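Throughout, a chain's letter reflects where its sequence line sits, starting with A, and its residues are numbered from 1. On a predicted model such as this, the values are computed, not experimentally measured, just so you know. All heavy atoms count here, side chains included; hydrogens, waters and symmetry mates do not.
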Amino acid sequence: MRMIRKKFPEINDEKLLRDLAVSTVERSVKDGDIVIDYGDEIKFIPMVLEGTIKVNRQAGEDQEIFLYYLMSGDTCASSFSCCMVQKRSEIIAIAEEDTKLLMVPVQKADQWMSEYPAWRNFIFNMYDIRMFSMIDTIDRLAFSNLDEQLIDYLEKKSSVLNTKVLETTHQEIAFDLNVTREAISRLLKKMENDGLVRLERNKIFML
DNA sequence: ACATTAAGTGATT
DNA sequence: AATCACTTAATGT
């Protein structure tokens with residue numbers, strides 16, 4: 001409850017906070033765990049208390065692309081609309097680090113929309129934020145070449161995880177940007193020569 | 001020591 | 001930029 005207040009200051013309705021405390025379940029996931037898989041039926045809306053969730057679009061079997069991060073204080077509003085129209089998940093959500101979530105049952109979330117203006121505002125606000133972050137992603141995809149995308153990707157990851165040392169593989173980046181591993185390896189190599197990064201196995205040092 | 005996985009690279013399309 | 005084929009290097013058992 002204290003946690004909710006701290007992480008979600010927009011929710012400033014005492015009664016709603018009490019409702020949240022009784023109707024939600026806290027869930028801890030570890031780095032790399034899949035929170036929502038492609039095709040899952042969504043029954044809960046996750047609110048992120050601590051940690052980071054990576055959200056990827058998945059198209060078909062082998063096509064995947066990074067959409068955005070959910071950080072502390074964020075919620076995935078689109079999962080709300082998704083289950084309102086009884087759809088299965090179009091995205092996959094993976095924990096990027098050990099993460100604490102607050103799982104809000106859809107039915108409650110729906111009920112609170114009419115009950116609490118604070119909740120309604122919160123959800124709409126989150127919609128807006130998600131939407132902008134998507135537009136950002138679209139810009140990146142449509143208007144920038146791979147090197148810019150890669151730099152953007154690395155910078156985002158670095159700032160989200162608050163570290164200069166990214167622990168990841170070229171292959172994983174390649175999956176997220178939907179290109180081949182070789183392309184990433186070559187670009188990173190070039191960036192290393194340009195003094196932008198330093199490379200080690202499973203590590204990228206941002207300079 | 002051996003197997004596995006990550007990364008580097010040249011050639012081809 | 002993708003695909004392929006192969007090498008080299010790091011890491012796990």
For this session: Check the pair A:E64, A:N56 against side-chain hydrogen bond (donor to acceptor under 3.5 Å, both in side chains), reporting the backbone distance first and the verdict last.
Result: CA-CA 7 Å; A:E64 196 170 322; A:N56 278 12; 2.9 Å; yes

For this session: Tell me, please, which residues at least two apart from A:R27 pass salt bridge (charged side-chain N to carboxylate O under 4.0 Å, His left out).
Result: none

Seminar exercise, completed: Residues passing the salt bridge (charged side-chain N to carboxylate O under 4.0 Å, His left out) test with A:R88, sequence neighbours excluded, are A:E41

For this session: Ignoring the backbone of A:R181, work out which of C:dA5, B:dG8, C:dA2 is nearest its side chain.
Result: B:dG8

Exercise. Rounded to the Å, how far apart are A:E182 CD and C:dT8 C1'?
Worked result: 15 Å

Exercise. Salt bridge or not for A:R198 and A:E192, using N-O below 4.0 Å?
Worked result: no

Exercise. Residues from residues 163-180 of chain A sitting under 4.0 Å of DNA chain C, heavy atoms only?
Worked result: A:V179, A:T180

For this session: Using a cut-off of strictly less than 4.0 Å between a heavy atom of the residue and any atom of DNA chain C, enumerate the qualifying residues of residues 184-207 of chain A by number.
Result: A:R186, A:R201

For this session: Might you work through the salt bridge (Lys or Arg N to Asp or Glu O under 4.0 Å) test for A:D98 and A:K30, ending with a clear yes or no?
Result: CA-CA 4 Å; A:D98 292 356; A:K30 291 211 199 66; over 6 Å; no

Seminar exercise, completed: Between the CD1 atom in A:I4 and the CG atom in A:L49, the distance rounded to the nearest 0.5 Å is 7.0 Å

For this session: Return each pair, listed once, that meets salt bridge (charged side-chain N to carboxylate O under 4.0 Å, His left out) where at least one residue sits in residues 107-118 of chain A; pairs must be two or more places apart or across chains.
Result: none

Considering only distance and modelled atom types, tabulate donor-acceptor pairs under 3.5 Å from the side chains of residues 13-22 of chain A, sequence neighbours left out.
from, atom 1, to, atom 2, distance (Å)
A:D13, OD1, A:K15, N, 2.9
A:D13, OD1, A:L16, N, 3.1
A:E14, OE2, A:R5, NH1, 3.0
A:K15, NZ, A:Y116, OH, 3.4
A:D19, OD2, A:W112, NE1, 3.4
A:D19, OD2, A:Y116, OH, 2.9

